[in-house]
Protein chains: 2
Amino acid sequence: MNRVREYRKNRGLSQFALAEKVGVARQTVNLIENGKYNPSLKLCISLAEELGTDLNTLFWKVDETK
Amino acid sequence: MNRVREYRKNRGLSQFALAEKVGVARQTVNLIENGKYNPSLKLCISLAEELGTDLNTLFWKVDETK
DNA sequence: TCCTTTTGTCACATATATATGTCATTAACA
DNA sequence: TGTTAATGACATATATATGTGACAAAAGGA
């Protein structure tokens, strides 16, 4: 689905802390991590920057078997 | 801003043709190419797949000086 | 010239991303 | 035990992405 949770945990951030850093509500991060919806490009870019990675790593053809 | 127009033209597609392929309205492609809004992740992925490229290439830190 | 395609733009409608407030559950820790 | 932090989930409201229909301007080909 995506690797937001994985990268967030690697940075020791809670959903709330990450949400604050990228300027959205905690529920928004929760729903994205659980694949319940489809974030905007701007938010994807903010998440990638805040997590020290890039769009492809977080969202491009994530290998679900890992 | 992004490189959708560049990749679309390289493939010889009109905005309408690309819009049909990814299942959105022509106006949506037009607005994205002109940076007038902020597409959803799913649409970004569809565009990247249809244009034979990936998220980072189309949308990540595009060098405007080119 | 004329005809067609492409592009930019407008107004209006609809779907959905996101916010806000709240509650329940679990884990960690005093 | 009790308390706090973290997470998942719900209802409702708002902002905005996207659709639809239309028009004008520019470019290319007959």
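Just so you know, these numbers come straight off a predicted model, no measurement behind them. Letters go in sequence order (proteins before strands), and every chain restarts at 1.
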Within this structure, what is the [atom1]-[atom2] distance for the pair [X] and [Y], rounded to the nearest 0.5 Å?
| X | Y | atom1 | atom2 | value |
| --- | --- | --- | --- | --- |
| A/Asp54 | A/Thr57 | CG | OG1 | 3.5 Å |
| A/Phe59 | A/Ile32 | CZ | CD1 | 6.5 Å |
| A/Lys9 | A/Leu51 | NZ | CG | 13.5 Å |

Among C/dT7, C/dT18, D/dT20, the one nearest any side-chain atom of A/Tyr37 is C/dT18
Closest of C/dT7, C/dT18, D/dT20 to the A/Val24 side chain is C/dT18
Using whole Å, what does the distance between atom [atom2] of nucleotide [N] and atom [atom1] of [X] come to?
| X | N | atom1 | atom2 | result |
| --- | --- | --- | --- | --- |
| B/Leu13 | C/dT7 | CG | C1' | 15 Å |
| A/Leu41 | C/dA17 | CG | P | 14 Å |
| A/Leu18 | D/dA6 | CG | C1' | 14 Å |
| B/Ile32 | C/dT9 | CD1 | P | 15 Å |
| B/Gln15 | C/dG8 | CD | C1' | 8 Å |
| A/Asn34 | C/dA17 | CG | C1' | 16 Å |

The answer to which of B/Leu31 and B/Asn38 contacts DNA chain C further toward the 5' end, by nearest nucleotide, is B/Leu31
One thing to verify: whether A/Arg26 and A/Glu20 come together as a salt bridge, which I'm taking to mean a side-chain N less than 4.0 angstrom from a carboxylate O. no
Item checked: Evaluation steps, salt bridge (Lys or Arg N to Asp or Glu O under 4.0 Å), between A/Arg8 and A/Glu33 -> CA-CA 10 Å; A/Arg8 174 177 62 79; A/Glu33 286 189 354; 2.5 Å; yes
Side-chain N or O of [X] closer than 4.0 Å to phosphate OP1/OP2 of [N]:
| X | N | result |
| --- | --- | --- |
| B/Ser40 | D/dT18 | yes |
| A/Arg5 | D/dG8 | yes |
| A/Asn30 | D/dG8 | yes |

Assign each of B/Pro39 and A/Glu33 the nucleotide of DNA chain D bearing its closest heavy atom; nearer the 5' end lies the nucleotide of A/Glu33
Of A/Lys36 and B/Leu43, the one whose nearest nucleotide on DNA chain D sits closer to the 5' end is A/Lys36
Classify the side chain of A/Gln27 versus the base of C/dG21 as yes if they form a donor-acceptor pair under 3.5 Å and no if they do not. yes
Looking at A/Arg26 and C/dG21, is any side-chain donor or acceptor paired with a base atom of the opposite kind under 3.5 Å? no
